Amino acid sequence: MPKHTLKKLIPSASELKELKALHVFGDWIYEGKLWHLNRYSASMGFFIGLFMAFMPIPGQMLVAAALAVWLRCNLPLSVSLVWITNPLTMPAIFFFAYELGAFILGVDTQAIQFELSFAWLSATLGAIWQPFLLGCLLFSIGFGALGYFVVDIMWKAQIRRKWRERQVKRQTRA
């Protein structure tokens, strides 16, 4: 992931300090490691964001933010990647997670008619919770690890490419 592209998307420290909504968190929110972009912070930010995106829990953004603070990685990446599961993508993602979990557990899948009610949620989730949560956990680990390694490999490739370009420039000057 090109560092300059990510830097364009992430606000600077001075821009953050101007946001009055962040003042309620105190000064720890401005810690440099939470906003800095390096290979570790970007890769781990992707892992946390993608991991939490596939976890079917309320407050995914808050948990992603807490993990980013705890692991000292890029906070904006961690929190923003949670939005991969949004109201438009969530049904499909959770359906495939359920299918994967049922396949691995060797359980027959059930035809599910969605209904927005507590009675439906408790009855249906009570019947499918094991394959559903297993599928979500596997998606979380798999996509989180994939995001981590893709960003890490792209970061290293960019460093190697820039290093080779500098070597060529030095050789042409000499």
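Note that the coordinates shown come from a computational prediction; the quantities given were computed from them, not determined experimentally.
The cluster map of Ile, Leu, Val, Met, Phe, Trp and Tyr, joined by side-chain heavy atoms under 4.5 Å apart, puts V107 and F132 in the same cluster. By the rule that hydrophobic residues join a cluster once side-chain heavy atoms approach within less than 4.5 Å of another member, L88 and F96 end up as members of separate clusters. Taken together through direct or relayed side-chain contacts under 4.5 Å among Ile, Leu, Val, Met, Phe, Trp and Tyr, L62 and L71 form parts of separate hydrophobic clusters. A chain of hydrophobic side-chain contacts below 4.5 Å, direct or via other Ile, Leu, Val, Met, Phe, Trp or Tyr residues, connects I48 to I57.
Between F54 and F139, the ring-plane angle classifies as perpendicular under the 30° and 60° cut-offs.
Considering only heavy atoms from C-beta on, L146 stays 4.5 Å or farther from L50 through its side chain. Between S43 and W155 the shortest side-chain heavy-atom distance does not fall below 4.5 Å. With a 4.5 Å cut-off on side-chain heavy atoms, N74 and M44 do not count as touching.
For R164 and Q167, the side-chain atoms include no donor-acceptor pair closer than 3.5 Å.
To the nearest 0.5 angstrom, F47 atom CZ is 13.0 Å from F143 atom CZ. Rounding to the nearest 0.5 Å gives a distance of 7.0 Å between CG of L134 and CG of L100. M90 contributes atom CE, which lies 8.0 Å from atom CD1 of I93 (distance to the nearest 0.5 angstrom). Put simply, OG on S80 and CZ on F46 are 7.5 Å apart, with the number rounded to the nearest 0.5 Å. The line from CG of L133 to CG of L138 is 11.0 Å long, rounded to the nearest 0.5 Å. Taking CD1 of I141 as the start and OH of Y148 as the end, the distance is 15.5 Å to the nearest 0.5 Å.
The shortest heavy-atom contact between S78 and A64 is O-CB, 3.7 Å. When all heavy atoms of L81 and G45 are compared, the pair lying nearest together is CD1-O, 4.1 Å. Heavy atoms only, all atoms of each residue included: V79 and W83 are closest at O-CD1, 4.0 Å. Summarising the geometry of C73 relative to S41, their closest heavy-atom pair is CB-O, 3.7 Å, with the distance given to 0.1 Å. Across M55 and S140, no two heavy atoms sit closer than the pair SD-OG, 3.0 Å. Taking each heavy atom of M52 and Q60 in turn, the nearest pair found is O-NE2, 2.9 Å.
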side-chain contact (heavy atoms from CB on, under 4.5 Å) between V82 and V63, worked out: CA-CA 10 Å; V82 167; V63 176; over 6 Å; no
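A donor-acceptor pair under 3.5 Å is formed between the side chain of T89 and the backbone N or O of I84.
For E165 and R161, the salt-bridge test passes: some basic side-chain N is under 4.0 Å from an acidic carboxylate O.
In D108, the CG atom is not crowded: 12 or fewer heavy atoms of neighbouring residues, nucleotides or ligands sit closer than 6.0 Å.
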